[in-house]
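To start, the structure itself, in structure tokens.
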Amino acid sequence: MIHLYTAPTGNGMKPLILLEELGLPYTLVPVDLERGEQKEAAFSRLNPARHIPVIRDDSNDLVLAESGAILLYLAEKTRRLLPADPRDRASVYHWFFAQVTNVDPRGMIVATLERLEAPCPELAEDARQAVRGFWQEADSALEHSDYLGGAFSIADIVAYAFVRRHGGRFGSGDFPALVRWSERIAARPAVRVAYGKFPAS
Ligand SMILES: N[C@@H](CCC(=O)N[C@@H](CS)C(=O)NCC(=O)O)C(=O)O
């Protein structure tokens, strides 16, 4: 059995969407970030970095943090939503790692700046340019393809979780093909079930 410790943030929704897409049995353990449950001793033992998401996979005696690592682990374990062909897989990696290493941190920077009394406009603008640059590239690709890496994959899951969480903040509505792609993903049954687990998200 897989146990998912998470909350309805962009990073937190990624493994939940994937588990639903894969149809794997799992238990959902909500972590209340507002109440600081991620800082409690029981959770810190799972992830000393005190961040969600985390999975425990009983079948492999594994505890794993970092949303990108969790998605790659589950996709490789099941051999699904990550193409076998090296060229196709490289394309998925391109979108996946651009999102996880470049775009995701920018979203967190801007969300943090918005909570500060003295936000740094240069840093916010740099983050905004990076996010919108990625969306411009994605928008061009999605004019010719229904999904980022060709077929639906973990690259779509990571990019969608971010758009859903931060789209309004960075103006995703300016990118028509990205909007159509986002609507396509939102309509997937597994995605609807995943977000339904956290109705306020
Ligand atoms: N790079 C990590 C980021 C994890 C992360 O920052 N999680 C946030 C929610 S999106 C969190 O747990 N925040 C709680 C806190 O900082 O106290 C990942 O992709 O899993």
Side-chain angles (χ1 to χ4, degrees), residues 2-22 24 26-57 60 62-77 81-82 92-117 119-120 123-124 126-128 130-131 134-135 138 148 153-170 172 185 191 194-195 197-201:
I2 292 170
H3 310 276
L4 170 62
Y5 300 76
T6 200
T9 66
N11 290 320
M13 289 306 294
K14 295 174 196 168
L16 184 51
I17 296 171
L18 181 58
L19 285 165
E20 285 295 335
E21 287 283 352
L22 296 173
L24 291 177
Y26 70 95
T27 63
L28 174 61
V29 186
V31 178
D32 190 333
L33 299 182
E34 298 293 318
R35 287 189 46 229
E37 285 179 359
Q38 74 279 20
K39 297 184 175 137
E40 290 175 4
F43 187 84
S44 300
R45 277 194 288 278
L46 287 174
N47 182 11
R50 301 171 166 197
H51 287 153
I52 58 92
V54 175
I55 60 165
R56 260 192 319 117
D57 184 350
N60 275 336
L62 173 78
V63 175
L64 186 62
E66 283 298 325
S67 60
I70 294 169
L71 264 65
L72 284 170
Y73 168 71
L74 292 174
E76 285 175 352
K77 177 178 171 159
L81 301 186
L82 185 60
V92 168
Y93 282 162
H94 166 78
W95 295 108
F96 181 87
F97 284 105
Q99 176 65 49
V100 168
T101 65
N102 196 20
V103 178
D104 282 338
R106 269 28 193 266
M108 293 176 85
I109 286 170
V110 169
T112 304
L113 287 174
E114 287 170 1
R115 290 196 293 271
L116 297 181
E117 277 180 23
C120 173
L123 195 51
D126 174 72
R128 185 180 154 79
V131 171
F134 175 78
W135 284 348
L148 288 173
S153 74
I154 56 171
D156 296 289
I157 293 175
V158 293
Y160 174 76
F162 184 92
V163 168
R164 181 141 172 171
R165 179 82 168 172
H166 297 289
R169 181 172 271 133
F170 295 108
S172 60
I185 295 184
V191 174
Y195 281 91
K197 306 265 177 185
F198 289 105
S201 63

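The model shown is predicted, which means the values in this text are computed figures rather than measured ones. All ligand and atom numbering here is 1-based and tracks the order in the structure.
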For [atom], what is the closest protein heavy atom, and at what distance to 0.1 Å?
{"atom": "atom 17 (O) of ligand 1", "value": "Q38 NE2, 2.8 Å"}
{"atom": "atom 2 (C) of ligand 1", "value": "E66 OE1, 3.2 Å"}
{"atom": "atom 3 (C) of ligand 1", "value": "N11 ND2, 3.6 Å"}
{"atom": "atom 19 (O) of ligand 1", "value": "S67 OG, 2.6 Å"}

Grab the two heavy atoms, one from G167 and one from W135, that are nearest each other, plus how far apart they are. CA-CH2, 3.9 Å
Least distance between heavy atoms, L82 atom then A75 atom: CB-CB, 3.9 Å
Measure the acute angle between the ring planes of F162 and F170, then classify it against the limits of 30° and 60° as parallel, tilted or perpendicular. parallel
Within the structure, does [X] bring an N/O atom to less than 3.5 angstrom of an N/O atom in ligand 1?
{"X": "K14", "answer": "no"}
{"X": "T9", "answer": "no"}
{"X": "R50", "answer": "no"}

Scan side-chain atoms only and decide if Y73 and N60 contain a donor-acceptor pair under the 3.5 Å cut-off. yes
For Y5 and Q38, test the side chains for any donor-to-acceptor distance below 3.5 angstrom and give the result as yes or no. no
Using heavy atoms and a 4.0 Å limit, tell me yes or no: is G10 in contact with ligand 1? no
Taking side-chain contact (heavy atoms from CB on, under 4.5 Å) as the criterion, tell me which of L64, L22, T27, L74 meets it with I2. L74
Would you mind listing which atoms of ligand 1 come within a distance below 4.0 Å of any non-hydrogen atom of P53? 20 (O)
Answer side chain, backbone, both or neither: which part of H51 comes under 4.0 Å from ligand 1, heavy atoms only. both
Ligand 1-proximal atoms of I52, by part, heavy-atom distance under 4.0 Å: both
Any W95 side-chain heavy atom under 4.5 Å of D156 side chain: no
Starting at CD of E40, measure out to CZ of R45 and round the result to the nearest 0.5 Å. 10.5 Å
For atom 6 (O) of ligand 1, tell me which residue out of M108, R165, E34 has the closest non-hydrogen atom. M108
